[in-house]
Protein chains: 2
Amino acid sequence: MVRNPTMKDVAHEAGVSLKTVSRHVNGETNIDPDLAGRISAAIVKLGYRRNLSAASIRPGRTGKTIGLVISDLANPYYSTLARAIESVADAAGYLVTIASSEEDGRRHDRLVDRLMEQRVDGLIVVPPRRAARDWADVAAPIPPLVLLDRPVSYAGADAVLADNAGGARAATLALARAGSRRIAFVGDSLDIYTMRERHAGYAAALAEAGLGGAGDLLTITTAHTREQAEREVGAVLRDDSADALFAANNRATIGALLAFQQAGRRLPLVGFDDFETALLGDPPVSVVSQDIELMGRTAAELVLGRLNGDTSPFATRVLPTRLILRGSEKHHTCAGS
Amino acid sequence: MVRNPTMKDVAHEAGVSLKTVSRHVNGETNIDPDLAGRISAAIVKLGYRRNLSAASIRPGRTGKTIGLVISDLANPYYSTLARAIESVADAAGYLVTIASSEEDGRRHDRLVDRLMEQRVDGLIVVPPRRAARDWADVAAPIPPLVLLDRPVSYAGADAVLADNAGGARAATLALARAGSRRIAFVGDSLDIYTMRERHAGYAAALAEAGLGGAGDLLTITTAHTREQAEREVGAVLRDDSADALFAANNRATIGALLAFQQAGRRLPLVGFDDFETALLGDPPVSVVSQDIELMGRTAAELVLGRLNGDTSPFATRVLPTRLILRGSEKHHTCAGS
DNA sequence: TTGTACGCGTTATCAC
DNA sequence: GTGATAACGCGTACAA
């Protein structure tokens, strides 16, 4: 293995001093064209690449890297988010180091610590459902921090959230308006903040529509995976315990569709989060859509803003959701277009 | 903003020397319990976090980071890949810095350079369809490098590929076996290596099945997006120019399904790459499935192996694909279960 | 077992 | 305009 050439090597090769090479590399202007040429030649000849890792230890310099901790990069929701963040970061000259917490509090904390030890410039984080450590217990200095999908539990961070309750409420009301009376909530554990919010919106809509009483009985929070969602919805179909479904996330929606297919029978359905093949359903699947890219861009812009000296008070941005009705929210007595 | 406490601060606070703190932090054993206690206390009191970025400039030390350059993190194929890589890397104590090249050669090269300047320990890369720079022109030393989805064009790298041609051949043969005679290829530009391979497999299958002549006329390579795929397949349906489709990637498959829905009529179809909602089709969509997670794990393990001193000859791993027939490859004269 | 002194690759200060 | 020289935060001979 060849050693990485250093500035010193370049300086030696070009017959100039270290500082002059540094100037050249950093694009400073006060430099003799002749020397500049010799330095360029030496850089090419030796294949010199500057060591940003070394440069970043100087005070005021950084590695221009943003750390991102999400639940699971394989989940399209998070990869879309990550892509939007990466896009904004890249435009500002930042790299993004991404890590998946798997919704495990300890793992999450370990990854956050590692990123801080790596001295990332900023941190964008989706806190796990059960945090193991409070941000208030993390020693200063903490880099600019943006919390995603969770309310600010810490005074020193900005937050970006979708209007989960509002979206769920709109979805549930749409089902009620289409004539459903026993609307079930199919989702994941209410330990998860977004689930709690979506369930609150669902419950509020039931109350508004005068369907309040049945809410508890119709709440399913064990749809942790697509398979579980499919089983739960299958049971609902067998028992006829509900006449419509609000699927509180993507996995629940797809699980429900699989159960419908299995049973050869469907219920009115609205899902939270749009997905690529929602249009392919028969009827196409109605959804509450959140602008995931906007969430990512907003988070990245908040971090970059702080890095650029923005000292305005920490704030929470709540982004609207949009109800997209495609037909699946209605009753379909029999198959057919 | 508070300054980050350094080892020197901790040493001062604990009344010991720098080296002793360094020992403590690095988990060495030869250390007086009393001093160890004082150091621990000082670390907690000051909120000391070691600066791995600084530590990594020492010879033999690194930032324990792997760089990953893909086309687009928002594409589920790449996010699945990235997740698998991240998973293996994390288990070995490595972080992953991810960047999207958007299939732009210059952008790709810029990102690779940046990652090398950041002194990543290894590099996993999906070369863009039209590379702007050859790896042979990149100055040594290059960190352990694994190429994904592309053949090795460079002697110093390992590569991981799926058996694109074999999968495409199997898909096309399945369509032929089900009775189709004019099987169209719907995909992206043949500039892309995987597309070229898939098209070669398709053409080989046509020849094998005695359907060779029509191959060129039935090759569509302008399905760059889902929308374009939908339009192209719509045209095929109108013209009746084909009696079956091999969709060479996910976007093409979904575009075709949308076109089918639009036209109220479908053709036998097999797609390349499985997708979450393939089961929801009516009939469910037959696909060639590649084990994306295995590809990611393999790539990560290759890099980590090299980092651990594996000096075996550079090699290309070709991973098998699997044909999953779910029904959509057959002719369906009319709707019905 | 602990401390001193130096080097890692880079940037910044300040003379020349 | 250019070049010694001193940091930056940490790890490691080597000496104590």
Side-chain angles (χ1 to χ4, degrees), chain A residues 1-39 42-43 46-65 114 116-121 139 141, chain B residues 1-40 42-43 46-64 114 116-121 139 141:
Chain A
M1 196 52 150
V2 196
R3 192 176 56 83
N4 269 297
T6 74
M7 263 192 176
K8 188 156 41 171
D9 300 328
V10 175
H12 185 78
E13 175 74 26
V16 298
S17 87
L18 213 69
K19 176 58 191 163
T20 311
V21 178
S22 175
R23 280 209 188 83
H24 179 87
V25 166
N26 286 30
E28 292 179 37
T29 51
N30 340 339
I31 183 166
D32 187 304
D34 174 40
L35 295 191
R38 271 159 49 199
I39 293 172
I43 287 177
L46 299 179
Y48 169 74
R49 260 187 303 267
R50 100 213 266 184
N51 185 335
L52 290 179
S53 184
S56 73
I57 80 170
R58 302 308 314 280
R61 300 253 157 185
T62 76
K64 292 214 142 206
T65 300
R114 173 69 186 280
M116 293 183 80
E117 290 187 347
Q118 216 79 236
R119 294 294 191 268
V120 293
D121 298 285
Chain B
M1 196 52 149
V2 196
R3 191 177 56 83
N4 269 297
T6 75
M7 263 192 175
K8 187 159 38 171
D9 299 329
V10 174
H12 185 79
E13 176 72 26
V16 298
S17 87
L18 214 82
K19 173 59 193 164
T20 312
V21 178
S22 174
R23 269 207 260 280
H24 180 88
V25 166
N26 286 29
E28 294 179 35
T29 49
N30 339 338
I31 184 167
D32 187 302
D34 174 40
L35 293 191
R38 282 179 14 220
I39 294 172
S40 297
I43 286 177
L46 299 179
Y48 170 75
R49 262 188 301 268
R50 103 214 268 179
N51 185 336
L52 291 179
S53 182
S56 73
I57 81 170
R58 301 307 315 281
R61 301 251 157 189
T62 74
K64 292 212 135 204
R114 174 66 187 280
M116 294 184 79
E117 291 187 346
Q118 217 78 234
R119 293 295 190 269
V120 292
D121 298 283

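Bear in mind the structure is a predicted one, so any value in this text is a computation, not a measurement. Just the heavy atoms: all of them, side chains too, but no hydrogens, waters or symmetry mates, feed the values below.
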Determine whether Arg3(B) and Asp9(B) make a side-chain contact, defined as any pair of heavy atoms from C-beta on separated by less than 4.5 Å. yes
When all nucleic acid strands are considered with a 4.0 Å heavy-atom cut-off, which category describes Leu18(A): base, sugar-phosphate, or nothing? base
Does dT10(C) have its OP1 or OP2 closer than 4.0 Å to a side-chain nitrogen or oxygen of Ser53(A)? no
For Arg3(B) and dG9(D), what is the distance between atoms CZ and C1' respectively, to the nearest whole Å? 11 Å
Thr20(A) side chain N/O closer than 4.0 Å to the phosphate oxygens (OP1, OP2) of dG3(D)? yes
State, with a plain yes or no, whether a side-chain heavy atom of His24(B) is found less than 4.5 Å away from one of Leu35(B). no
From the list dG9(D), dT2(C), dT10(C), which nucleotide is the closest neighbour of the side chain of Ala54(A)? dT10(C)
Nucleotide dA7(D), atom P - distance to CE of Met7(A) in whole Å: 19 Å
Residue closer to the 5' end of DNA chain C, Val25(A) versus Lys8(A) (nearest nucleotide): Lys8(A)
Calculate the interatomic distance between His12(B) atom NE2 and dG3(C) atom C1'; express it in whole Å. 16 Å
Pairwise side-chain contact, Arg119(B) with Ile57(B), heavy-atom cut-off 4.5 Å (strictly under): no
Is any side-chain heavy atom of Arg50(A) less than 4.5 Å from a side-chain heavy atom of Ser22(A)? no
Indicate the atoms forming the closest heavy-atom contact of Gly47(A) with Ala139(B), along with that distance. CA-CB, 3.4 Å
Rounded to the nearest angstrom, tell me the gap between atom CG in Asn30(B) and atom P in dT2(C). 9 Å
Closest to the Pro59(A) side chain, choosing from dC8(D), dT10(C), dG3(D): dC8(D)
Rounded to whole Å, how long is the line connecting atom CD of Glu117(B) with atom C1' of dT10(C)? 13 Å
Check the distance between dG1(D)'s C1' and Ile31(A)'s CD1 and give it to me in whole angstrom. 9 Å
Using a cut-off of strictly less than 4.0 Å, decide whether Ser22(B) has a side-chain nitrogen or oxygen near OP1 or OP2 of dC10(D). no
Arg23(B) has its side chain closest, among dG9(C), dG11(D), dG3(C), to dG3(C)
Arg50(B) side chain near dG11(D) phosphate (N/O to OP1/OP2, under 4.0 Å): yes
Would you indicate, yes or no, if dG9(D) has its OP1 or OP2 atom less than 4.0 angstrom from a side-chain nitrogen or oxygen of Thr6(B)? no
Taking only side-chain N and O atoms of Asn26(B), does any of them lie within less than 4.0 angstrom of OP1 or OP2 on dG11(D)? yes
Picking from dG9(D), dG3(D), dC10(D), which would you name as closest to the side chain of Val16(A)? dG3(D)
How many whole angstroms separate atom NE2 of His24(B) from atom P of dT1(C)? 16 Å
Which one, dA12(C), dT4(C), dG9(C), comes nearest to the side chain of Ser17(B)? dT4(C)
Side chain of Lys19(B) only, heavy atoms from C-beta on: which candidate in dT4(C), dT2(D), dT2(C) is closest? dT4(C)
For Asn51(B) and dG9(D), give me the distance from atom CG to atom P, rounded to whole Å. 8 Å
Using a 4.5 Å cut-off on heavy atoms from C-beta on, say whether the side chain of Asn51(B) contacts that of Asn4(B). no
